[in-house]
**Student:** 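Sending over a structure as structure tokens; questions will come in a sec.
We name chains A, B, ... by the order of the sequence lines, and we start the count at 1 in each one. All figures in this text were calculated on a predicted structure; none of them were measured in a lab.
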Amino acid sequence: MKNKKFYITTPIYYPSGQPHMGHAYSSIIADVIARFKRNDNYDVHFLTGTDEHGLKIQKAASKAGLKPLEYCNKISDIFRQLNVKLNLSNDDFIRTTEKRHFNSVQHLWKQLVDSGDIYLSKYKGWYSVSDEAYYNSDEIVEKNGKKISTFSGSLVEWVEEESFFFKLSAWEDKLLEFYEKNKKFIIPVSRRNEVINFVKSGLKDLSISRTSFTWGIKVPNNEKHVIYVWLDALTNYLSALNYPNLNNDLYKKFWPASLHVIGKDILRFHAIYWPAFLLAANIEPPVKIFSHGWILSGEEKMSKSKGNILNPLEIIDIYGIDETRYYLMKEVSHGSDGNISLKSLENCINSDLANNYGNLCQRVFSFIKNNCANNVEAYKDKLDSDQKIINETKNIIGELRNLMEEQNINSYIKSVINISFLTNKYINDEEPWKLKSSNVKRMNNILHLALEQIAKISILLNPIIPISTSKVLDALNVKKSNRNLSFLDGENILSEKISIAPLNILFKKIT
RNA sequence: GGCGAGGUAGCUCAGUUGGUUAGAGCACAGGACUCAUAAGCCUGGGGUCGGCGGUUCGACUCCGCCCCUCGCUACCA
């Protein structure tokens, strides 16, 4: 029985615009980790979804001549389609407009009222109607007798609005203590330091309701107020496990969340508000938050004629989903921003996928088809060169769990591709084509070992490029139940006699 | 302004507690081979490791100053 469990989430996306590469990137990271954990015999629950409340949505809907929910149905569906296109293996898709989420948020609210962490007061500030945003007094200048925002230059007015507040200020010390006790709560470390410094500089209470619009979840016992943004949005992670039903199987099994994958732009809300809410409600905070960087595009970005460069749907249509996933995961360094371009994408596909892994599979499968009638038999005797590559591969595999544990996917990929280098070199050095007539036994041994290497690489790359690696593992007749990490612990993972099925070219080169 | 991260080959990055000729992948140039998607393998060019100064027998690695880039500095998400 599986006793290891892993609950992983993406942010819930705010669908006020079209999905872009950043959405795709967050989701693919989470999917890669989810798939890896499943392959490592974890019981995984992988959640994604959409955040559908707020004034922006309400306005966009009325502009489109639709009721808010009708509008949300449409746009949420666009994100669902993206998930299919990205080949996500999510177990659930949550929408903040669902009943289970309403119940969950309202219950959490009541918990916070009961604990004394919510009070009614007035939210005051300089508000810009056109920006739909409040500004601090130091962001305001007076020009011709009128107050304007230094940021946008738009007119602001002093607004006082009745609002419920969360006593965030009361949680400073407890949060700092929590960060101290949970050194890996925020990854990477540079982000963790930012958060800690921010909390140390002092926290203000947080406005958590609005009366200026209606599209949202009502405050319990106060129909005037709608619960505002974060208390609504973040709670999705609980709602999907059927909170507040604490005896529900999903909740009992998967809370606290193992990992929230987010972009650095929403770090504060996840790293400060979220644990504060949960601690206040006496709920255990999540284990870890991984804050990744942004996907940037080079000089091409500004070009309107090439403005679609960042559109993930088009990239996937042109280059393929495995290719796109591989590129994004390989190219962007752990935790930092990544620059992407069509040129480096094509380069990456050609060198890593087509020339290296793809061609490795092709050369071995073709050779076996042409010289062994698709059947390979291994003989016991191993040479030093065989043992050498087996050991080197084992050493590399030994470090992979740690890399994935640190969400260091790009280093993980480089290590796995390294096995492909080793294997190509092994075949070159052993020259099986010279043994066709002179030493068929040795030739078979070489080919058998090459196939084992291919099987290992394919299992290890499976979380990143699931479609292509499945083709290879199918052709190798590796049982589905064996496509996991513990299977790789053995030295001889394939049976001694192997029949392979034909394998088509996996990745076309881009010329 | 304050706090923080970083500046290493054309590009993306590794460099453990300071120790001999500074590494990888991609890109580029040669070579031998031929099973393979003219792929793979081998060899090579190319770096005053941001600048200046200091500590040391010895610094990419420690210290000081300077230059440059980036992030955070709360209620759009």
**Student:** On the ring face of A:Tyr123, is A:Arg210 found with NZ or CZ under 6.0 Å from the centre and within 45° of the axis?
**Tutor:**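 Checked: cation-pi criterion met.
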**Student:** Using heavy-atom distances to pick each residue's nearest nucleotide on RNA chain B, tell me which of A:Lys434 and A:Ser420 is more 5'.
**Tutor:** A:Lys434
**Student:** Out of B:A27, B:C33, B:C35, which has the shortest distance to the side chain of A:Arg363?
**Tutor:**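 Nucleotide nearest to A:Arg363's side chain: B:C35.
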**Student:** Name the closest nucleotide to the A:Ile505 side chain, picking from B:C75, B:G71, B:U37.
**Tutor:** B:U37
**Student:** Measure from the side-chain heavy atoms of A:Phe367 and tell me the nearest of B:C41, B:C75, B:C35.
**Tutor:** B:C35
**Student:** Could you state the CG-P distance from A:Asn197 to B:G4, rounded to the nearest angstrom?
**Tutor:**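 A:Asn197 atom CG is separated from B:G4 atom P by 7 Å.
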**Student:** Looking only at atom C1', what distance separates B:G47 and B:C60, rounded to whole Å?
**Tutor:**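 Looking at atom C1' only, B:G47 and B:C60 are 11 Å apart.
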**Student:** I need the CG-P distance between A:Asn356 and B:A39, as an integer number of Å.
**Tutor:**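 The answer, rounded to whole Å, is 13 Å.
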**Student:** Hydrogens and angles aside, do A:Asn350 and A:Glu346 bring a side-chain donor and acceptor to less than 3.5 Å of each other?
**Tutor:** no
**Student:** Report the nucleotide, chosen from B:U37, B:C35, B:C75, that has the shortest atom-to-atom distance to any side-chain atom of A:Lys436.
**Tutor:**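 Per side-chain heavy atoms of A:Lys436, the pick is B:C35.
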**Student:** Please tell me which of the listed nucleotides, B:A74, B:C26, B:A39, lies nearest to the side chain of A:Ser351?
**Tutor:**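 Output: B:C26.
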**Student:** Could you state the NE2-P distance from A:His53 to B:C76, rounded to the nearest angstrom?
**Tutor:** 18 Å
**Student:** Determine the contact category for A:Asp232: base if any of its heavy atoms lies under 4.0 Å from a base atom, sugar-phosphate if only primed atoms, P, OP1 or OP2 are that close, otherwise nothing.
**Tutor:**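 Since no nucleic acid heavy atom lies under 4.0 Å of A:Asp232, the category is nothing.
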**Student:** If I pick the C1' atom on B:U17 and the same atom on B:G51, what distance separates them, to the nearest angstrom?
**Tutor:** 28 Å
**Student:** What interatomic distance, in whole Å, is found between C1' of B:U21 and the corresponding atom of B:G7?
**Tutor:** 25 Å
**Student:** May A:Trp433 be described as stacking on the base of B:C35, applying a 5.5 Å centroid limit and a 30° limit on plane angle?
**Tutor:** yes
**Student:** When all nucleic acid strands are considered with a 4.0 Å heavy-atom cut-off, which category describes A:Lys343: base, sugar-phosphate, or nothing?
**Tutor:** nothing
**Student:** Please confirm whether the shortest side-chain N or O distance from A:Lys369 to OP1 or OP2 of B:C35 is below 4.0 Å.
**Tutor:**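 A:Lys369 to B:C35 OP1/OP2: no side-chain N or O under 4.0 Å.
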**Student:** For A:Leu203, report the nucleic acid contact type (base, sugar-phosphate, nothing); a contact means any heavy atom under 4.0 Å.
**Tutor:** base
**Student:** Would the base of B:A39 count as contacting A:Asn355 through its side chain, where contact means a donor and an acceptor less than 3.5 Å apart?
**Tutor:**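 Check fails, no donor-acceptor contact within cut-off.
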**Student:** Please compare A:Tyr273 and A:Asp429 by the position of their nearest nucleotide in RNA chain B and report the one closer to 5'.
**Tutor:**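 Result of the comparison: A:Asp429.
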**Student:** Taking only the side-chain heavy atoms of A:Tyr14 (C-beta and beyond), determine which of B:C42, B:A36, B:A77 contains the nearest atom.
**Tutor:**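 Nearest nucleotide to the side chain: B:A77.
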**Student:** Rounded to whole Å, how long is the line connecting atom CE of A:Met443 with atom C1' of B:C35?
**Tutor:**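 Going from A:Met443 (CE) to B:C35 (C1'), I get 10 Å.
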**Student:** A:Arg191 has a side chain; which of B:C75, B:G40, B:G71 sits nearest to it?
**Tutor:**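 Per side-chain heavy atoms of A:Arg191, the pick is B:G71.
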**Student:** Quick one: label A:Phe421 by what it contacts on the DNA or RNA (base, sugar-phosphate, nothing), any heavy atom closer than 4.0 Å.
**Tutor:**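 Here A:Phe421 touches the backbone only, sparing every base.
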**Student:** If we check ring pair (Phe, Tyr, Trp, His ring centres under 6.0 Å) with A:Phe277, which of these qualifies: A:Trp109, A:Phe166, A:Trp171?
**Tutor:**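 Answer to the ring pair (Phe, Tyr, Trp, His ring centres under 6.0 Å) test with A:Phe277 among A:Trp109, A:Phe166, A:Trp171: A:Phe166.
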**Student:** Hey, is the main chain of A:Asp232 close enough, under 3.5 Å, to the side chain of A:His101 for a donor-acceptor pair?
**Tutor:** yes
**Student:** In Watson-Crick or G-U wobble terms, both distances under 3.5 Å, what is the partner of B:C41?
**Tutor:**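 Checking every strand shown, B:C41 finds its partner in B:G31, with both distances under 3.5 Å.
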**Student:** Using a cut-off of less than 4.0 Å, is there contact between a side-chain N or O of A:Tyr426 and OP1 or OP2 of B:C35?
**Tutor:** no
**Student:** Under 4.0 Å, heavy atoms only, any strand: does A:Gly202 hit a base, just the sugar-phosphate, or nothing?
**Tutor:** base
**Student:** For A:Lys508, I'd like to know if atom NZ has over 12 heavy atoms of other residues, nucleotides or ligands within 6.0 Å.
**Tutor:** no
**Student:** Could you check whether A:Val229 gets within reach of a base, just the sugar-phosphate, or nothing at all, counting any heavy atom under 4.0 Å?
**Tutor:** sugar-phosphate
**Student:** What does B:C62 pair with, Watson-Crick or G-U, if both distances are under 3.5 Å?
**Tutor:** B:G54
**Student:** Is A:Ser366 touching bases, backbone alone, or none of the nucleic acid, heavy atoms closer than 4.0 Å?
**Tutor:** sugar-phosphate
**Student:** Report the base-pairing partner of B:G25 (Watson-Crick or G-U wobble, both distances below 3.5 angstrom), or none.
**Tutor:**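 Partner of B:G25: B:C11.
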**Student:** Atom CG of A:Asp51 to atom P of B:C76: distance rounded to whole Å?
**Tutor:**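 Computing the A:Asp51:CG to B:C76:P distance gives 14 Å.
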**Student:** Once you apply a heavy-atom cut-off of 4.0 Å, does A:Leu267 come out as touching a base, just sugar-phosphate, or nothing?
**Tutor:** nothing
**Student:** Please report the distance, rounded to the nearest Å, between CG in A:Asp352 and P in B:G25.
**Tutor:** 11 Å
**Student:** Side-chain N or O of A:Lys414 versus OP1/OP2 of B:A24: is the shortest distance under 4.0 Å?
**Tutor:** no
**Student:** Quick one: does NZ or CZ of A:Lys124 land under 6.0 Å from the six-membered ring centre of A:Trp158, within 45 degrees of the ring axis?
**Tutor:**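 The answer is no; the distance or angle limit is not met.
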**Student:** Base, sugar-phosphate, or nothing: which does A:Tyr123 touch, judged by heavy atoms less than 4.0 Å apart?
**Tutor:** base
**Student:** Work out how far the C1' atom of B:U69 is from that of B:A32, and round it to whole angstrom.
**Tutor:**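 Roughly 45 Å separates the two C1' atoms.
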**Student:** For atom C1', what is the distance between B:C3 and B:A27, given to the nearest Å?
**Tutor:**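 Comparing C1' positions in B:C3 and B:A27 gives a spacing of 39 Å.
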**Student:** Looking at A:Asp51 and A:Ala233, would you say the former's side chain and the latter's main chain have a donor-acceptor pair under 3.5 Å?
**Tutor:** no
**Student:** Name the closest nucleotide to the A:Phe507 side chain, picking from B:C76, B:U37, B:C75.
**Tutor:**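 Shortest atom-to-atom distance from the side chain points to B:U37.
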**Student:** What contact category does A:Lys204 fall into here, base, sugar-phosphate, or nothing, at under 4.0 angstrom with non-hydrogen atoms?
**Tutor:** base
**Student:** Taking OP1 and OP2 of B:C72, is either one under 4.0 Å from a side-chain nitrogen or oxygen of A:Lys264?
**Tutor:**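 No, outside the criterion.
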**Student:** Without hydrogens or angle criteria, can the side chains of A:Ser385 and A:Glu430 be said to hold a donor-acceptor pair below 3.5 Å?
**Tutor:**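 Yes, a side-chain donor-acceptor pair sits under 3.5 Å.
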**Student:** Can you tell if the side chain of A:Leu328 reaches within under 4.5 Å of the side chain of A:Met21, non-hydrogen atoms only?
**Tutor:**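 Contact flag for A:Leu328/A:Met21 side chains = yes.
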**Student:** Once you round it to whole Å, what is the distance between P of B:A77 and CH2 of A:Trp230?
**Tutor:** 7 Å
**Student:** Please report the distance separating the P of B:C42 from the corresponding atom of B:C49, rounded so that it comes out in whole Å.
**Tutor:**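 Result for the P pair: 29 Å, nearest Å.
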**Student:** Under 4.0 angstrom, heavy atoms only, what part of the nucleic acid is A:Ile266 near: base, sugar-phosphate, or nothing?
**Tutor:** nothing
**Student:** In the strands shown, is B:A36 matched to any nucleotide by a Watson-Crick or G-U wobble pair with both distances under 3.5 Å, and which?
**Tutor:**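 Answer to the pairing question: none, since B:A36 forms no Watson-Crick or G-U pair.
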**Student:** Report yes if a donor N or O on one partner sits less than 3.5 Å from an acceptor N or O on the other, where the partners are the side chain of A:Asn428 and the base of B:G40; otherwise report no.
**Tutor:** yes
**Student:** Flag the pair A:Asp386 and A:Arg442 as a salt bridge only when some basic side-chain nitrogen lies within less than 4.0 angstrom of an acidic carboxylate oxygen.
**Tutor:** yes
**Student:** Give me the distance, rounded to whole Å, that separates B:G46 from B:G6 when you measure between the P atoms they each carry.
**Tutor:** 30 Å
**Student:** Quickly work out the A:Asn418 CG to B:A14 C1' distance and round it to whole Å.
**Tutor:** 12 Å
**Student:** Between B:C65 and B:A5, how many Å separate the two P atoms, rounded to a whole number?
**Tutor:** 15 Å
**Student:** Both distances under 3.5 Å, Watson-Crick or G-U wobble: report the partner of B:A5, or none.
**Tutor:**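 Paired with B:A5, as far as the under-3.5 Å criterion goes, is B:U69.
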**Student:** Starting the side chain at C-beta, find the nucleotide from B:A77, B:C75, B:C33 nearest to A:Glu431.
**Tutor:** B:C33
